[in-house]
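Below, chains carry the letters A, B, ... as their sequence lines are ordered, and counting in each starts from 1. Everything quoted here is computed from the prediction, not taken from an experiment.
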Protein chains: 2
Amino acid sequence: MSTSVLRALKILELLSGSDKPLPLTRIAEQLDIPKSTAHAILRALASREFLEVTEHASYSIGLRAFEVGAAHLRSNNAVDIVIPQLAGLTKELGITSHYAVLDGTDAVYLCKQDPPGLGIKLASSVGARLPAVVTAVGKAALAWLPGNELAAHLPSGGEVGRDVGIMAELAQVRERGYSLDDGETASGVRCIAAPVFSPSGGPGAIGVSYMLGSTLDADAVAAHVMNSASRLTQLLGTLTRKATA
Amino acid sequence: MSTSVLRALKILELLSGSDKPLPLTRIAEQLDIPKSTAHAILRALASREFLEVTEHASYSIGLRAFEVGAAHLRSNNAVDIVIPQLAGLTKELGITSHYAVLDGTDAVYLCKQDPPGLGIKLASSVGARLPAVVTAVGKAALAWLPGNELAAHLPSGGEVGRDVGIMAELAQVRERGYSLDDGETASGVRCIAAPVFSPSGGPGAIGVSYMLGSTLDADAVAAHVMNSASRLTQLLGTLTRKATA
DNA sequence: CTACTGTTTCTCTCATATCGAACAGTGTTC
DNA sequence: GAACACTGTTCGATATGAGAGAAACAGTAG
């Protein structure tokens, strides 16, 4: 059913995961699509500017795809509330903050706020997808999930062996109120996150990142993050109460 | 050729332009697609999370579409250079700055920087598409286009009558080095923009926005913007020189 | 309860997208 | 400089997916 549409989407996903533009042949072999079929789909995608054709007939994600994707943030009414909160966190602490939601076993970063000081910004993490269990925001979102939903968001799918360590860590996160990531994702950078409960959207979390060896006190930072997260949950609650009223 | 793929893309475009989620019937009639076919395509899009299904079986842009769209910024190496420059502008002037590129007759906003002070952020303009001739960034990008390319980026497509006023304004923009928008797009807000020339990417511009009636002097602001824009052009030049070397 | 709007699922027919193979550019290698 | 390997493109025959209508189903309003 609807194979060509699914193939077009797979092409978009493949190209979004690749940091370099890919030529037709590479795309066709990666996805097991005959070259001629891939060619037709690529032409359709490029004609609508969902793909861009680079100098050497390679394809990368186009402007229209960006435009369409940006509409997701607009439709997600939560983000409008989240951004000011992140800005507040970043201003108070002087470090980068971000907001992510859970999608299957991954955490997807929706938005972030950088401190004004930094000369060179890191590669923008917005739109990044990482396994939830290796990120602070992911663990924060996982920790407060009801037990019956949790399995669906763990990579092992409920296997006992691998999950034991994770379950223990999530229990610890629940106990102290925030999650920690000491260089698991990017070595040398610590992330601290706390959960955000949105009645309408899925489970999510906000977090901050800073270099290990900074003078910042982890407990103090965590207090700020937890404070912001709980206020955010509160705001999101009133938001939906208005929408449903 | 490839109708179902094109239809899927049109559905995405339609939903990205709508601020509310749309039900199947509305989508089908808007795009002249038989309901049963639309249903199949929507299922395919939703199964890959390019669309989200809301409470009342309505569809809106999904998380995966956002993720894919964000990849466009990552592939656009210009943005990494632009963001710090915008941050500098916003810090110096204390007002919102943004970067947009020309796409056909429209200007599409790629990124922006908000000043830290503002309590409530305006609806994020990132991903917005506006007619180039009614925006400061659009006019700045248009003004320095070679004559033979300009027609393709004007809505009237080269008709003399309507273009006369625009051509005069673009000449004025070229003369003083920056473009101005006094409430044309949003009443009460002035935008000032200057062109950015990227050897690899298309024509673009950076600009700033602030409320009319502010104490800021337009000439002083324009000087900052033009300064940033020319430095940006310089940086982008060295960037591609490295890439091709 | 009934009428109505909208969604979902069938079915069947016919158009059409898919596929493999052959063609045509481009740069590389010996 | 010629043959080669690598691309992207084109072109028909076939199978697959799209089109159209009807009908079952759910929710809402009269």
Sub-4.0 Å heavy-atom contacts from residues 29-52 of chain A onto DNA chain D, ordered by number
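Heavy-atom cutoff 4.0 Å gives A/Lys35, A/Ser36, A/His39.
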Under 4.0 Å between a Lys/Arg side-chain N and an Asp/Glu carboxylate O for B/Glu13 and B/Lys10?
no
Would you call B/Glu29 and B/Lys35 a salt bridge, taking side-chain N to carboxylate O under 4.0 Å as the test?
no
Taking only the side-chain nitrogens and oxygens of A/Thr3, find out if one of them lies under 4.0 Å from OP1 or OP2 of C/dA17.
no
Phosphate OP1/OP2 of C/dC19 contacted by A/Arg7 side-chain N/O (<4.0 Å)
yes
Any chance the side chains of A/Thr185 and A/Thr135 put a donor and an acceptor closer than 3.5 Å?
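There is no such pair (donor and acceptor under 3.5 Å, judged by atom type) between the side chains of A/Thr185 and A/Thr135.
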For B/Glu52 and A/His72, test the side chains for any donor-to-acceptor distance below 3.5 angstrom and give the result as yes or no.
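Yes - a donor-acceptor pair under 3.5 Å links their side chains.
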A quick test of your reading: do over 12 heavy atoms of other residues, nucleotides or ligands sit less than 6.0 Å from CZ of B/Arg129?
yes
Under the rule for side-chain hydrogen bond (donor to acceptor under 3.5 Å, both in side chains), what residues qualify as partners of B/Glu184, not counting sequence neighbours?
B/Lys139
Mapping B/Ser4 and A/Arg26 onto DNA chain D by nearest heavy atom, which one lands closer to the 5' end?
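First, find each residue's nearest nucleotide; the 5'-ward one identifies A/Arg26.
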Which of these nucleotides, C/dT8, D/dG19, D/dA18, is closest to any side-chain atom of B/Ala57?
C/dT8
Counting heavy atoms from C-beta on, name the nucleotide in C/dT8, D/dG8, D/dA18 closest to the side chain of A/Leu24.
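In terms of side-chain proximity for A/Leu24, the closest of C/dT8, D/dG8, D/dA18 is D/dG8.
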Please report, rounded to the nearest Å, how far the [atom2] atom of [N] is from the [atom1] atom of [X].
{"X": "B/Ile11", "N": "D/dA18", "atom1": "CD1", "atom2": "P", "value": "11 Å"}
{"X": "A/Leu6", "N": "D/dT16", "atom1": "CG", "atom2": "C1'", "value": "14 Å"}
{"X": "B/Ile27", "N": "C/dG6", "atom1": "CD1", "atom2": "P", "value": "13 Å"}

